[in-house]
Amino acid sequence: MLTRKKQYNYLIKRWLLIRRHLMAYSASGDQDALHRIRVEIKKVRAFLQFAGSPGGGKKGPSQPRALKKMFRRAGKIRDAGIHLQLMQQYHITDAAFCVGETQEIEQRSVAFREDVTYFDKSLRHTFRKLLGTLRPVRKRDVRRWLSRKVGAIAGMVASPGTDQLHPARKEVKSLVYFLGMLPGQLSRRSKINVPYLDQLQDAIGKWHDLDITVSLVTSRKPGGSKVVSRLEKARDRAGAAVIAMGAGFEKRVFANAHS
């Protein structure tokens, strides 16, 4: 059984880590601290996704507005930072664009850090409310939820084209986060091949980085059409590699069941 105590401890840890990284970002403006805030919120969202499903509880809590707001605002800052990283990674020069994204980071960072006290207070209220909703969950309900989750992801990675790849990555990461909450015995009995999931989401991430970069340069074309063409070819190769990796998803994700 996934006990109430196990869920309680998991959420308390998330709360403390979000708060720690929030204070670190407030003090330094370090982008890594901001990234860690978002990762911890994603873990909470993965838990709430399970808690709100049939079998996950009498009535699962919805995602709190305070977490949504913090996640969205942190995401705006992260997106601008990622854009700059991608431009550097793929050796694309566009001074005006880089200045604009740098200013975006600075302005949004100042506003975010000014609201840290508000965020901290909201976190306390949010998690206290969440902790009051917890219910123990039977093992069979956990296994059923995992089976449905894997089936849903399989449908996404099997769809033709690449339009479902980024949503599929979000679901894969959500699944991995949830598995990290399960007691060792229950996690082992799920027989889910976590290394394969990690490899798949990493491959999708590389494709997505290229897709974002193509979008960034298509409208501005720094370096001319040859740069766009080169990036499009690299993106298409990465997408084909992901689709090949996703073939037979359900069989591969449960490969541990046959070991």
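Side chains of Arg252 and Asn193 form no contact here, defined as non-hydrogen atoms less than 4.5 Å apart. Put simply, the side chain of Val227 does not reach to within 4.5 Å of the side chain of Tyr90, judged on heavy atoms. The shortest side-chain heavy-atom distance between Met87 and Asp94 falls under the 4.5 Å cut-off. Two residues are said to be in side-chain contact when any heavy atoms from C-beta on lie closer than 4.5 Å; Met156 and His166 fail this criterion. No side-chain heavy atom of Val194 sits under 4.5 Å from any side-chain heavy atom of Leu175. Counting heavy atoms from C-beta on, the side chains of Met1 and Val137 never come closer than 4.5 Å. A heavy-atom distance below 4.5 Å is found between the side chains of Arg19 and Asp120. Counting heavy atoms from C-beta on, the side chains of Arg78 and His35 come closer than 4.5 Å.
Taking the six-membered ring for Trp and thresholds of 30 and 60 degrees, Phe50 and Trp145 have ring planes more than 60 degrees apart, a perpendicular arrangement.
Pairing each heavy atom of Val172 with each of Leu197, the nearest pair is CG1-O, 3.6 Å. Nearest heavy-atom pair, Glu104 versus Ala80, reported as atom, atom and distance to 0.1 Å: CG-CB, 4.1 Å. The two residues Tyr177 and Ala46 have their closest heavy-atom pair at CB-CB, 4.0 Å. Annotation for Lys6 and Leu2: closest pair CG-CD1, 3.7 Å, computed over non-hydrogen atoms. In this structure, Pro64 and Leu48 approach most closely via the heavy-atom pair CD-CD1, 3.6 Å.
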Stepwise side-chain contact (heavy atoms from CB on, under 4.5 Å) test for Lys43 and Lys13: CA-CA 11 Å; Lys43 291 179 181 180; Lys13 184 175 182 179; over 6 Å; no

Test side-chain contact (heavy atoms from CB on, under 4.5 Å) applied to Leu146 and Leu179, step by step: CA-CA 9 Å; Leu146 289 172; Leu179 289 169; 4.0 Å; yes

Residues Ile204, Leu200; criterion side-chain contact (heavy atoms from CB on, under 4.5 Å); working and verdict: CA-CA 6 Å; Ile204 297 174; Leu200 179 62; 4.1 Å; yes

side-chain contact (heavy atoms from CB on, under 4.5 Å) assessment of Val242 paired with Thr162: CA-CA 9 Å; Val242 171; Thr162 56; over 6 Å; no

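Tracing side-chain contacts under 4.5 Å through hydrophobic residues (I, L, V, M, F, W, Y), one never reaches Val176 starting from Val39; they form parts of separate clusters. With hydrophobic clusters built from ILVMFWY side chains whose heavy atoms lie under 4.5 angstrom apart, Val217 shares a cluster with Ile82. Note on Val157: it clusters hydrophobically with Met245, by side-chain heavy-atom contacts below 4.5 Å among ILVMFWY residues. The same ILVMFWY cluster, assembled from side-chain heavy atoms under 4.5 Å apart, contains both Leu182 and Phe254.
Asp141 and Arg138 are joined by a salt bridge, as a carboxylate oxygen and a charged side-chain nitrogen come within less than 4.0 angstrom of each other. With salt bridges taken as basic N to acidic carboxylate O contacts below 4.0 Å, none links Lys206 and Asp209. Salt-bridge annotation for Glu40 and Arg36: absent, with no side-chain N of the basic residue lying under 4.0 Å from a carboxylate O of the acidic one.
In this structure His21 satisfies the ring pair (Phe, Tyr, Trp, His ring centres under 6.0 Å) test with no other residue, sequence neighbours excluded.
Counting heavy atoms of neighbouring residues, nucleotides and ligands inside a 6.0 Å radius, atom CZ of Arg20 does not exceed 12 of them. At most 12 heavy atoms of other shown residues, nucleotides or ligands fall within 6.0 angstrom of atom CD in Gln88. Around NZ of Lys42, the count of heavy atoms belonging to other residues, nucleotides or ligands within 6.0 Å exceeds 12.
Rounded to the nearest 0.5 Å, atoms CZ (Arg38) and CD1 (Ile77) are 10.0 Å apart. Atom-to-atom distance recorded for Leu11:CG and Phe127:CZ is 6.5 Å, nearest 0.5 angstrom. Once rounded to the nearest 0.5 Å, the distance linking CZ of Phe47 with OG of Ser174 reads 12.0 Å. Rounding to the nearest 0.5 Å gives a distance of 11.5 Å between CG of Leu130 and CD of Gln7. One finds the OG1 atom of Thr213 at 6.0 Å from the CD1 atom of Ile92 (value rounded to the nearest 0.5 Å). Note that CD of Glu101 and CD1 of Ile105 are 7.0 Å apart. Values are rounded to the nearest 0.5 Å.
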Give the table of side-chain donor-acceptor pairs shorter than 3.5 Å for residues 69-76, with sequence neighbours excluded, one pair per line with atom names and distance.
unit_1: Arg73; atom_1: NH1; unit_2: Asp115; atom_2: OD2; d: 2.8
unit_1: Arg73; atom_1: NH2; unit_2: Ala111; atom_2: O; d: 3.2
unit_1: Arg73; atom_1: NH2; unit_2: Asp115; atom_2: OD2; d: 3.1

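A distance-only check finds a donor-acceptor pair linking the side chain of Arg113 to the backbone of Ser26 [under 3.5 Å]. Looking at Thr126, its side chain does come within 3.5 Å of a backbone N or O of Ser122 through a donor-acceptor pair. Using a distance-only test at 3.5 Å, with no hydrogens or angles considered, no donor-acceptor pair links the side chain of Tyr8 to the main chain of Thr3.
Pairs of residues two or more places apart, or lying in two chains, that qualify as ring-ring contact (aromatic ring centres under 6.0 Å, His included) and include a residue from residues 93-113 are Tyr25-Phe112, Phe112-Phe119.
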